[in-house]
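These numbers come from the heavy atoms of this one structure, side chains and all, not from hydrogens, waters or symmetry mates.
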Amino acid sequence: MKSKEFLVKKAKKGDEEAFIQLIGQYEMTLYRTAKRIGLQDEDIADLIQDTILTAYEKMNTLKEARYFNTWICRILLNNCYRFMKKQQNSLPTVDADLHKIPHQDKSLLEFDDALSTLSENYRLVLTLYYVNGMSTKEISECLRESEGTIKSRISRAKQQLKLNYYSEGEILT
């Protein structure tokens, strides 16, 4: 597998194959991010497609290759929030049909269940931090909020999970 930064640089120069390879490496990250916001699979597929198209069209606006993850997640989040606003829904909790997602193991389902107890802001930062592997600085840039705010949300979210969901490493019933 080629370096992501190398692929980004090639894609910025118009290499379509590099862009396809790059997107292949990020599809699951985009899916997991949208899923944890609470969207349905059929909506997620459309939103990811829109995100990929936007990324392809705006690839030349990405300033640094190392920020591709942050950049594409921001495009996805903007698309998701626009979609939810059009649907005039309040931000939903994590989908109750998570157990139907293929290849999810029990610990991931438990994590999803735990996340569903949190507010959308906390759910989102934990997903970006733990699932997508983004740093607090990257999340800060992605959400356009201060890094201190992101660190506080992660800390508060972990504290809420500890108090409300986990006790000594066991799941509360």
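Residues that satisfy the salt bridge (Lys or Arg N to Asp or Glu O under 4.0 Å) test with Arg82, not counting sequence neighbours, are absent from this structure. The side-chain contact (heavy atoms from CB on, under 4.5 Å) check on Ser119 picks up Asn121, Tyr122, with sequence neighbours excluded. Residues that satisfy the side chain to side chain donor-acceptor pair (under 3.5 Å) test with Asp15, not counting sequence neighbours, are Lys10. Among residues two or more places apart in sequence or in another chain, the side-chain contact (heavy atoms from CB on, under 4.5 Å) test is passed with Ile52 by Phe19, Ile23, Ile48. Not a single side-chain contact (heavy atoms from CB on, under 4.5 Å) links Ser155 to another residue, sequence neighbours left out. For Asp43, there are no salt bridge (Lys or Arg N to Asp or Glu O under 4.0 Å) partners at least two apart in sequence or on another chain. Asp46 meets the side chain to side chain donor-acceptor pair (under 3.5 Å) test with no other residue; sequence neighbours excluded. The salt bridge (Lys or Arg N to Asp or Glu O under 4.0 Å) search around Glu64 returns Arg66, not counting sequence neighbours. For Glu5, there are no salt bridge (Lys or Arg N to Asp or Glu O under 4.0 Å) partners two or more places apart in sequence or in a different chain. Annotation: side chain to side chain donor-acceptor pair (under 3.5 Å) contacts of Glu147 (sequence neighbours excluded): Thr136. Shown here are the side-chain contact (heavy atoms from CB on, under 4.5 Å) partners of Thr149, two or more places apart in sequence or in another chain: Glu145, Ser146, Arg153.
Cluster membership check: Tyr31 shares its hydrophobic cluster with Ile37, using side-chain heavy-atom separations under 4.5 Å among Ile, Leu, Val, Met, Phe, Trp and Tyr. Cluster membership check: Val8 shares its hydrophobic cluster with Met28, using side-chain heavy-atom separations under 4.5 Å among Ile, Leu, Val, Met, Phe, Trp and Tyr. Grouping the Ile, Leu, Val, Met, Phe, Trp and Tyr side chains by contacts below 4.5 angstrom, directly or via other members, places Leu161 with Tyr129. Under the 4.5 Å side-chain contact rule for hydrophobic residues, Leu22 and Tyr67 do not share a cluster.
No side-chain heavy atom of Lys4 sits less than 4.5 Å from a side-chain heavy atom of Asn69. Using a 4.5 Å heavy-atom threshold, the side chains of Lys137 and Ile150 count as separate. Put simply, the side chain of Phe6 does not reach to within 4.5 Å of the side chain of Lys9, judged on heavy atoms. Inter-residue side-chain proximity for Leu7 and Phe68 is flagged as unmet; no heavy-atom pair is nearer than 4.5 Å. At least one side-chain heavy atom of Glu17 sits under 4.5 Å from a side-chain heavy atom of Gln21.
The nearest pair of heavy atoms linking Ile44 to Leu39 is CD1-O, 3.4 Å. Here the shortest heavy-atom pairing between Thr127 and Thr33 reads CG2-CA, 4.2 Å.
Taking CG of Leu118 as the reference point, atom CG of Leu124 lies at 11.5 Å (rounded to 0.5 Å). To the nearest 0.5 angstrom, Ser135 atom OG is 7.5 Å from Glu141 atom CD.
Side chain of Arg123 to backbone of Arg36: a donor-acceptor contact under 3.5 angstrom is found.
The side chain to side chain contact (heavy atoms under 4.5 Å, CB included) test with Thr51 singles out one residue from Leu77, Ile75, Asn78, and that residue is Ile75.
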Side chains of residues 53-61: which donor-acceptor partners sit under 3.5 Å, not counting sequence neighbours?
| unit_1 | atom_1 | unit_2 | atom_2 | d |
| --- | --- | --- | --- | --- |
| Thr54 | OG1 | Asp50 | O | 2.9 |
| Tyr56 | OH | Glu16 | OE2 | 3.2 |
| Thr61 | OG1 | Lys58 | O | 2.6 |

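More than 12 heavy atoms of other residues, nucleotides or ligands sit less than 6.0 Å from atom CZ of Arg74.
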